[in-house]
There are 2 protein chains.
Amino acid sequence: QLREALVKVLTTAAQPQILAGKQLVITAGPTQEAIDPVRYLSNHSSGKMGFALAQAATALGAQVTLVSGPTRLTTPVGVKRIDVTSAAEMLEAVQAALPGCDIFVGCAAVADYRPAQAASAKMKKSGATLTLELTPNPDILATVAAQPNAPFCIGFAAETHDVVSYATGKLERKKLNMIAANDVSDPALGFNTDDNAMTLIWRDAQNEIQQTELPRASKLELAFAIFARAAQLLP
Amino acid sequence: QLREALVKVLTTAAQPQILAGKQLVITAGPTQEAIDPVRYLSNHSSGKMGFALAQAATALGAQVTLVSGPTRLTTPVGVKRIDVTSAAEMLEAVQAALPGCDIFVGCAAVADYRPAQAASAKMKKSGATLTLELTPNPDILATVAAQPNAPFCIGFAAETHDVVSYATGKLERKKLNMIAANDVSDPALGFNTDDNAMTLIWRDAQNEIQQTELPRASKLELAFAIFARAAQLLP
């Protein structure tokens, strides 16, 4: 733990203050969508990448609001954290935090769908096959990016195949400024791991799609690399 | 942590060895049912009650195999732990552990349903309402209790209303020897809390239903109370 703390100090100390004066809103972790008071839909996001982004941005001089789904992680020093459970709660917290925001980072693995009706009492098992009606959740990243005077929007895409092609489609469809794509089919990387490897894709000043590989590194190192690129692209 | 450790030593030291020579299989925690490689269905069980039961049974002299769904808990000293994810895996691990078992405690919050088909690649969001077909999971407790020469079977019922009536129905339908019922609608008790309060219901030697209240106490204290009653009823 002392070693970890030292590594963090050395990693974050004396960083160039490339995000000085910037306000960031970062989402992290999974969302949980209630089926009834005990059951839920969720996903395997640990929140580690989002928390690393919050830590890196703070070290780079930004003021960070971290809107986090259920995780077991400790809030990085200097970060304002808002805990939420569902996608609907996350959108509400993000919208409340947006005024004055320069960079929005949608790193949470927001559940795409939620049960159409959450039961207020525990469902009884009936034995027969059950059909769960799911309704699409709000797309938080697309909602933020579609606003007038939208902040610089960074998205994440975790895919099991055709990673770069899906991510580029997401960048264009959601009108993002940048997207970080990673392959979660490799169990050593991605969800709930400390390391990751990514392809960073962005739109340059000429509106051309550019991409660069961020090879395997700690999530904190990747977070610094993402913001180093984003800082060059900020208006 | 020292204080906690001391409390545990004092609680478990010099317990009457009422389960000496007994073999127990205890299930704990939630199960996770994969929808695709990243999404799953689960529930809010922390596993704390099942782990407390494993610790108590060991202190009372039993040999314990703990079959646990995904939790963040530490294995109690002296307990053989087998980690599983889904209900199907839990049933398989339980059946492998059953030969020679004297008492089976089904404390896991096994998901009643699983997606009828788990996708091998991450589902793409389509925008429209989605229907998730769910199929009933095997009932681990009922499967164990229905076997010839079944062990003494203890179940748990977490309900939001009509707690005792549902639990008694479950005791009879699944042919259990004992069931511990608790009301999870109280957020201070039940899932992910350290304390609980229960109604213990069992069938006496005359096949009559009996019940007793176990007032609010730590999950470890409740575990001792459950085994104190069970030991009197063992053949």
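Bear in mind the structure is a predicted one, so any value in this text is a computation, not a measurement. Convention: sequence-line order gives letters A, B, ...; per-chain numbering from 1.
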S.K.: Side-chain contact test, heavy atoms from C-beta onward, threshold under 4.5 Å: evaluate it for B/Leu41 versus A/Arg39 and give yes or no.
M.R.: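 When only atoms from C-beta onward are counted, A/Arg39 and B/Leu41 do not touch, as no gap falls below 4.5 Å.
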S.K.: Below 4.5 Å from any heavy atom of chain B, which atoms of A/Glu33 appear? Answer side chain, backbone, both or neither.
M.R.: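 Looking at A/Glu33, nothing touches chain B.
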S.K.: Near A/Glu89 CD, under 6.0 Å, is it more than 12 heavy atoms from other residues, nucleotides or ligands?
M.R.: yes
S.K.: Measuring from A/Asn43:CG to B/Ser42:OG, what's the distance to the nearest 0.5 Å?
M.R.: 12.0 Å
S.K.: Nearest 0.5 Å please: distance from the CG atom of A/Leu132 over to the OG1 atom of B/Thr131.
M.R.: 9.0 Å
S.K.: Would you name the heavy atoms of B/Tyr113 and A/Leu130 that are closest together and state the gap between them?
M.R.: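 Heavy-atom minimum between the residues: CE2-CB, 3.8 Å.
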